[in-house]
Amino acid sequence: MSDKRRAEIEAKRAKLAELRKARADRQRAETERRQTEPGPSSGARRDVDDLVNQLVGSRSGLDTGGDVTPSSSLPNTPPRPSTNLLYGSTLSPSGRVSRQSDVGSDRDRVSMGTTMVGMMEHVDRVLTPRFIPDLIDVEQELFELPQRERVIYNKEVQTTAIETETPQVSEVEIRQQIMRERELEEERIAQDKELEEESVQLEKEIEQEIRELTEEERSHILSAPEFLDFVEQSSKILQRALNDGYDYIRDYTIGTEANGDDSEGKRVKRICAFYDERYGKNRSITDVDWSPKYPELSVASYNKNPAALNEPDGIVAVWNLHLLDRPEFVFHSQSDVLSVTFSPFHSNLVFGGTYSGQILLWDTRSKHLPVLKTPLSAAGHTHPVYAMHMVGTQNAHNLITSSTDGTVCSWLVDMLAQPQETLELIHAGHNKTGEVAITTLDFPDNETTTFWVGTEEGNVYQANRYDRAGAKAGLNQYDIYKGHAGPVMGLHFHPLVGPVDFSDLFLTASVDWTVKLWRAKSLAKPSTAAHGISPIYSFDEADDYVYDVKWHPAHPALFGTVDGSGRFDVWNLNTDTEVPVVSTNVGSGRAINKLQWDRKDGRRAALGGSDGKLYVYDIGDMALPRESEWTDLQKTVAGFIGGAQANGVVDGDATRIVAGR
Amino acid sequence: MPPELEQTLALLSSHRSVLGYLLLSRGDHVSIIRHSGVVFEGEQGKKYASVIGKMVESVQAGLEEVSGSENDGDQIRFMRIRTKRHEIMISPDERYLLAVLHDPAS
């Protein structure tokens with residue numbers, strides 16, 4: 001097709017060239033004709049030539065060319081011939097002649113009316129004895145004047161000369177001829193223009209035609225790094241757009257098949273399961289967090305894939321709810337990442353604690369590798385870091401990390417070269433070793449200097465970061481929260497939200513299949529002797545290790561647990577304290593390692609499974625607390641404590657209960 | 001063709017509602033780098049390519065006309081053209097262009 005077109009274009013081009021040539025010829029012929037048509041005009045040229053020769057040749061050429069000389073226009077200049085020659089030598093003959101003729105014609109036009117007078121003047125200026133023969137000359141001039149007019153190379157003048165001088169009979173004919181010619185000209189011009197336009201368009205089309213790429217070009221393009229970046233970026237955007245399932249030009253007036261609606265109420269719905277074939281295969285999720293800035297982003301950390309030795313041991317993936325097929329960002333690490341958290345103060349930073357004890361900092365703006373790392377030295381951690389927590393405010397914040405050898409370090413975000421402070425939690429009263437193997441750590445809401453840790457032996461201890469009145473920095477050995485028979489896997493304090501403050505209540509989940517509710521002992525009265533503190537309540541519903549427990553961020557009586565059989569339980573203490581409200585089987589029965597409610601309103605929960613999948617569930621309206629929830633919870637907790645008191649387990653503090661703490 | 005690229009594009013074209021994609025290089029003349037799907041085969045594909053190229057050019061020209069005077073003029077980031085039958089999503093760049101044809105109703 002393109003060849004044919006090209007041939008067509010070539011033909012048209014040739015035609016165009018011919019036409020152009022023809023037009024040029026015609027124009028030349030036209031001008032020639034115009035020049036030759038009026039006989040007098042060519043005659044005029046001959047006359048002019050004669051005049052020029054005469055003027056140049058003779059020094060006193062005043063007989064016939066008297067008028068033509070510029071001397072006639074310049075009054076009172078006796079040496080006329082010399083001036084003539086001067087002019088003649090410097091100017092081109094035609095210029096001179098035209099000037100002369102201009103001058104002559106001007107003068108003549110002016111003097112037409114006053115012929116006699118002018119002649120008289122002219123004659124006077126020239127030579128008085130020549131008077132009589134000049135008269136004769138004047139007559140000749142009169143005859144010559146119109147001719148000289150024709151000499152002017154001004155088409156207008158020429159045509160006017162034609163019109164005025166040629167006999168009237170042929171004037172009409174000439175006019176008609178001219179008009180006909182003009183019409184023909186216009187037609188030809190129009191035709192030419194059309195052809196030109198067509199050819200231009202055809203050329204454009206050829207240019208714009210899709211060309212095939214040569215193999216070389218293609219491979220060159222495919223290997224360019226900006227091309228890869230472009231494909232990454234645009235495919236992400238496209239996938240997010242594709243994900244949006246809503247057809248916005250849907251017409252609701254057309255009846256369609258009735259959709260089965262999901263049953264409302266106390267149901268927990270799975271939104272999606274994030275899984276990446278490449279990065280999730282054979283790995284387990286070790287920690288989950290939601291982004292404080294972008295509610296659709298969540299992060300999951302993975303441990304190593306024993307089957308793939310070339311892949312990085314630790315992976316951290318940031319997932320976007322709008323982009324289901326692949327992670328937004330993927331970060332690598334040299335060793336398994338065991339804990340991960342978004343920085344609450346910088347939307348781009350992600351912290352991770354690893355199996356080797358290193359704390360890593362990734363930036364979403366850079367690529368896979370961490371931008372900052374803590375050194376693998378004795379200054380930091382040398383044991384796996386299972387728990388991390390960010391405390392403080394925007395301007396003064398620290399990252400608190402704990403490892404299984406009992407070391408708790410506090411870091412400044414931009415200075416990961418060495419910890420700001422290190423704390424060794426040592427339990428002197430322990431029979432075997434003083435070390436406290438920390439598995440989990442949590443700060444009560446609004447507290448930054450004291451925290452509770454859960455250990456591998458099943459006890460929960462309270463620790464202080466700094467010395468304070470009545471308590472030293474380090475582990476508080478006297479208050480031992482005894483209750484669990486196995487390692488404590490999860491510990492979470494009640495969030496401070498709502499009219500009533502429950503922030504001294506915390507939940508623990510353990511390998512002994514139970515979840516226990518505790519009340520933290522007030523720090524106002526430090527103990528001096530070691531004594532055990534018992535839980536307020538114990539939830540024994542689970543059939544497997546309970547891996548994590550988390551209070552709901554908005555609803556005071558709601559909390560969730562995940563266990564080793566792949567179950568996700570949502571409990572509501574105001575509804576029922578024995579059984580969970582909703583119990584869902586997540587995934588294929590593999591254990592769920594971590595649970596995290598989303599920060600905004602707690603409608604969604606992210607569950608990290610040991611199969612490498614990140615499940616996101618929506619609990620719907622259950623997340624909305626009613627006004628009475630707080631007071632109801634107070635009553636419930638009072639009921640717990642009362643029951644415990646009745647059994648003589650907890651040292652009761654009646655005043656506290658009545659005050660509703 | 002690096003494998004990640006292959007994978008990404010394969011993922012794109014295997015989406016349930018996607019009918020095909022077209023990877024073009026912009027410039028003086030548009031040329032197809034890669035395409036997939038029945039819709040973009042052969043002549044039809046070339047037509048689509050030239051049409052999409054022209055559309056992006058004209059929209060960009062319009063944008064420049066409207067906003068060219070303010071510092072740095074606007075640039076097309078993403079185009080979604082919903083027709084009766086399909087939707088074309090075009091993600092243009094300085095040098096390249098990725099267009100996907102999909103059927104949102106499916």
Side-chain angles (χ1 to χ4, degrees), chain A residues 1-2 203-251 254 256-257 275-279 281 322-328 330 367-368, chain B residues 1-18 21-34 42-43 45-54 57 77-80 82-84 87 89-100 102-106:
Chain A
M1 174 196 93
S2 55
E203 280 182 28
K204 247 201 259 172
E205 269 184 41
I206 281 192
E207 264 187 36
Q208 283 179 355
E209 219 184 66
I210 305 307
R211 304 234 188 125
E212 291 291 331
L213 283 176
T214 63
E215 274 313 305
E216 200 190 289
E217 281 178 352
R218 183 167 291 168
S219 56
H220 176 73
I221 289 178
L222 291 177
S223 54
E226 64 247 359
F227 178 74
L228 300 177
D229 282 341
F230 162 73
V231 173
E232 277 284 316
Q233 280 286 7
S234 38
S235 62
K236 261 193 211 166
I237 298 172
L238 278 166
Q239 277 176 320
R240 287 187 209 145
L242 279 171
N243 220 16
D244 186 18
Y246 182 56
D247 186 6
Y248 40 84
I249 67 169
R250 180 184 291 179
D251 189 353
I254 301 176
T256 55
E257 13 27 278
Y275 178 67
D276 187 60
E277 188 60 42
R278 182 159 168 219
Y279 294 116
K281 196 153 180 225
H322 296 296
L323 184 61
L324 299 178
D325 302 320
R326 52 195 276 216
E328 271 291 330
V330 174
K367 297 232 142 206
H368 302 294
Chain B
M1 179 74 140
E4 296 104 24
L5 214 66
E6 293 275 1
Q7 216 183 359
T8 312
L9 292 171
L11 206 60
L12 200 60
S13 55
S14 63
H15 192 102
R16 57 180 171 82
S17 59
V18 167
Y21 70 81
L22 199 58
L23 239 187
L24 305 176
S25 84
R26 294 172 79 181
D28 287 337
H29 45 266
V30 176
S31 37
I32 302 179
I33 301 176
R34 198 170 165 85
E43 275 312 307
K46 287 198 190 148
K47 278 194 219 161
Y48 259 112
S50 70
V51 161
I52 287 176
K54 278 187 230 158
E57 292 290 330
R77 196 74 180 79
F78 195 68
M79 260 171 75
R80 260 179 118 156
R82 176 70 163 105
T83 68
K84 221 166 61 165
E87 183 170 27
M89 299 202 273
I90 303 173
S91 169
D93 183 76
E94 281 280 318
R95 265 172 284 208
Y96 312 105
L97 200 155
L98 179 57
V100 168
H102 82 113
D103 184 3
S106 68

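Just so it is clear: chains get the letters A, B, ... in the order the sequence lines come, proteins before strands, and each one is counted from 1. Values below: every heavy atom of this structure, side chains too, minus hydrogens, waters and symmetry copies. These figures come from a predicted structure and were not determined experimentally.
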Q.
At a 4.5 Å cut-off on heavy atoms, which part of Glu277(A) comes close to chain B: side chain, backbone, both, or neither?
A.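 Neither; nothing under 4.5 Å.
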Nearest 0.5 Å, what's the [atom1]-[atom2] distance between [X] and [Y]?
X         : Y         : atom1 : atom2 : value
Leu228(A) : Glu4(B)   : CG    : CD    : 7.5 Å
Ser235(A) : Leu23(B)  : OG    : CG    : 9.5 Å
Ser219(A) : Ile33(B)  : OG    : CD1   : 11.5 Å
Leu12(B)  : Arg326(A) : CG    : CZ    : 9.0 Å
Gln239(A) : Leu11(B)  : CD    : CG    : 5.0 Å
Ser91(B)  : Lys236(A) : OG    : NZ    : 12.5 Å

Q: State which residue, out of Glu87(B), Arg16(B), Met89(B), fulfils the side chain to side chain contact (heavy atoms under 4.5 Å, CB included) condition with Leu242(A).
A: Met89(B)
Per-residue contact mode, [X] against chain A (heavy atom under 4.5 angstrom):
X        : answer
Tyr96(B) : both
Leu24(B) : neither
Ser13(B) : neither

Q | Partner set under side chain to side chain donor-acceptor pair (under 3.5 Å) for Thr8(B), not counting sequence neighbours | A | none
Can you check whether [X] reaches [Y] side chain to side chain, under 4.5 Å on heavy atoms?
X         : Y        : answer
Leu238(A) : Phe78(B) : yes
Phe230(A) : Glu94(B) : no
Glu226(A) : Arg95(B) : yes
Asp325(A) : His15(B) : yes

Q) When only pairs under 4.5 Å are counted, which of Lys84(B), Gln7(B), His102(B) shares the most heavy-atom pairs with chain A? A) His102(B)
